[in-house]
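Notes to accompany the following structure.
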Amino acid sequence: MKNFYFNIALPLPIRKTFQYSYSEKIKKGSRVFVPFGSRKLVGIVIEEVKEDKSIETKNIIALLDNLPSFSSKAFECIIWASKYYHHPIGEVFHSFLPNHLRKNNLHKDYAVSNNDYSIIGEKPKLTDEQNNALKIYKNSSDFKVNVINGVTGSGKTEIYLRIIEKNLEEDKSTLLLVPEINLIPQLIKVFSERFGGNIGVYHSKQTPIQKYKTWQASANGNIKIIIGTRSSVMLPFKKIGSIIVDEEHDESYKQNEGFRYSARDLAIKRAQVENVPIILGSATPSITTIDNIAKNKFIELVLKKRFDGSNPPKILLYDSNKTKINNGISEELLELIKETIAQGKQVLIFNNRRGYAPFYQCLECDWIASCNSCETNLVYHEDLKRLVCHRCESKYGIPDNCPSCSKSSLNISGVGTQRIEKYLQEEVKEAQIFRIDYDTTRKKDAIDDLITEINKDKAAILIGTQMLSKGHDFPNVALSIILNIDTLINNPDFNTAEKLSQLMVQVSGRVGRSRNIKDGKVIIQTRYPNDKNLLNLRDGNYMKVAKGIINDRKNLNQPPYTASAIILATSPKKESNIAYLNEARQYFDNLKLETIYGPMPSQVSKLKGRYKHLIYIQFSSRSQLHKEINKFLLISEKWSTLKKVKAMIDIDPNNFY
DNA sequence: AGCACGCCGACT
DNA sequence: GTCGGCGTGCTC
Ligand SMILES: [Zn+2]
Ligand SMILES: [Zn+2]
């Protein structure tokens, strides 16, 4: 009996494949069950090869797919991703399989859901801008990147609906990527008010069966509209029409652990390989995207006007050096809050820190409460009367005396949302107060219930974190106050100016759109009212700020004008990380590159008892990055310092995690 | 990654 | 003497 030989990718942090044999030919992209040492693993067939007699090849135990789990196009994208991100191929394949297919399960058929996608809702008349954008979109159905640069309320979603409609007419599927799970429910609502059929969902909080059902229904074309987070970018499709990436600027598209990929960038690759259009939507496009528009790689479709004709609110800078600050809010702004409430209107307070106070520290020595397993600062939570680690959610009691110098001079410092809530409850007694942060929205539907209550249009104060800037609109807010951004301006790290501008414009775009609020106001409380980027933000024109940031990046040789990478080392010992990274640093120093930082501890320097350190490198071009990282990986393979650490690469990093 | 193998310290 | 701790190296 003739045997066939295959290279198989296994879910291991190893940059190679393993050879196995089988009695039949197997298509690439198929799952197989194989023996590996003393265990058994599910792997992916990469290619048929001729027998390598120098290896004692084992037999494949079972072929698990009748049709390959990865179509030849998805396969091509994953091979590309593994090379682009310099990540072990088996782990890349593994990360795009739903749980059910990661184990040695055969496929099973589930009942077909409602797949009649006839239009049931009423279609609104399109504005000229919308018509124009759609015309450009429709003029070809080959690969192209269309960027919908549309302010909040300009009708981006209606364009998505028309694109889906066009795809359905051609019996094609649409994939809509979103940065966060909690943006999915409202999109499902809008989509199912327009189309009759089932809307597929794919994200990490689903049960394995739910996830597999969507995977299968997408593969056989029963579900033609799919909304999903990152990992849905490699779903199988019977016939895909286009991909939409909503809020493309959102950094949540980048995975920050394991296989560190950008779902937005991978979506662009997928669209290119499938030869279909991709739409990137945002009111605040990323600097990279704006740069690609300037280079004519992407096509910009602008939606400037809000369809209800309302104007975006003005952004004012409030110099907080002027008055006394209590619990994070200046006295003058507190008066303004009181006035607004007295007029029966709503106030929104944005403070990007949850809990009561972000630090608990000693005034005598430099002791500061931190988590034993993460080494991050513990945050005081008033409701729990405990210190909480925001990374691992561990809770600690509150010591009365300093563990370091044993004096009783411990104190909280800094301002979290709970502290502002308590302060305003005392100061503005007549106002109803809603706090919207991770702690108040943990329960399912909690956030939707809160939003429904808030939008009933009564005088109220909303206090919240990032969450306020993503997806939800607050039309009755007449005054927004943005607090606590000075630490960001003071200690800029990755893309601070870009992130901050996007945040400010996103918050301001979501408020004050109801008819009875003519002059919504957004006030940024800052000690740096002369900061260049803040000044540029004042007329709410994001593109103007973006131009400034792009110029800075160009002058400072920062991405996208250079290509960046992080080499990460993880091990139980700090010294092992440092030894390896020092050797790596020396290696790269010899190459005379743009910039090298480190070795330094990662911002999450300790996780599950393992330390993490890194070096950050900027290359003058993408091709130089790939060439040098490949060479480095090959050479460093033999280093003895590597044996004591796990090393990983982060391409296009956007933090030091 | 996960597992076996082996070498060393400590405890019946 | 042997149990178990973890450091090392290998897995087609
Ligand atoms: Zn002390
Ligand atoms: Zn922790």
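Per chain, numbering begins at 1; letters A, B, ... match sequence-line order. Note that the structure is predicted; figures quoted are calculated from it, not measured.
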**Q.** Whether Tyr212(A) and His107(A) hold their rings parallel, tilted or perpendicular, with breakpoints at 30° and 60°
**A.** tilted

Q.
Just to be sure I understand the geometry, which residues of residues 53-62 of chain A put a non-hydrogen atom under 4.0 Å away from DNA chain C?
A. Ile55(A), Glu56(A), Thr57(A), Lys58(A)

Q: Take the protein atom CD of Glu637(A) and the nucleotide atom P of dC10(C), then report the distance between them rounded to whole Å.
A: 13 Å

Q: Anything under 30° is parallel, anything over 60° is perpendicular, the rest tilted; go ahead and classify Phe494(A) against Phe656(A).
A: perpendicular

Q.
What is the distance, to the nearest angstrom, from the CD atom on Gln19(A) to the C1' atom on dC10(C)?
A. 17 Å

Q: State which of dT11(C), dC12(C), dG9(C) makes the closest approach to the side chain of Ile14(A).
A: dT11(C)

Q: Provide, to the nearest angstrom, the distance between the CZ atom belonging to Arg610(A) and the P atom belonging to dG2(B).
A: 11 Å

Q | Separation of dA1(B) C1' from Phe18(A) CZ (nearest whole Å) | A | 11 Å

Q | Length of the line joining Lys638(A):NZ and dT8(C):C1', which is rounded to integer Å | A | 19 Å

Q.
In this structure, how many angstroms lie between the P atom of dC12(C) and the OH atom of Tyr20(A), rounded?
A. 5 Å

Q: Side-chain contact test, heavy atoms from C-beta onward, threshold under 4.5 Å: evaluate it for Lys631(A) versus Tyr587(A) and give yes or no.
A: yes

Q | Shortest side-chain distance from Lys644(A), nucleotide among dT8(C), dC12(C), dA1(B) | A | dT8(C)

Q) Any side-chain heavy atom of Tyr616(A) within less than 4.5 Å of one from Pro653(A)? A) yes

Q) Between Phe96(A) and Trp215(A), is the gap from one ring center to the other below 6.0 Å? A) no

Q: Run the ring-centre check on Tyr22(A) versus Phe6(A) and record whether the distance is less than 6.0 Å.
A: no

Q: Scan residues 32-45 of chain A against DNA chain B and write down, sorted by residue number, each residue with any heavy atom closer than 4.0 Å; if none is found, say none.
A: Ser38(A), Arg39(A)

Q.
If you count heavy atoms of other groups shown closer than 6.0 angstrom to OH of Tyr110(A), is the number above 12?
A. yes

Q: Round to the nearest Å and state the distance from Glu91(A) atom CD to dG2(B) atom P.
A: 10 Å

Q. Judged by modelled atom types alone, do Thr288(A) and Ser286(A) share a side-chain donor-acceptor pair under 3.5 Å?
A. no

Q: Select base, sugar-phosphate, or nothing to describe what Lys16(A) touches, counting heavy atoms under 4.0 Å on all strands.
A: base

**Q.** Atom pair distance, as rounded to whole Å: CG in Leu10(A) and P in dG2(B)
**A.** 13 Å

**Q.** Distance-only polar pair, side chains of Glu51(A) and Thr57(A), donor-acceptor under 3.5 Å
**A.** no

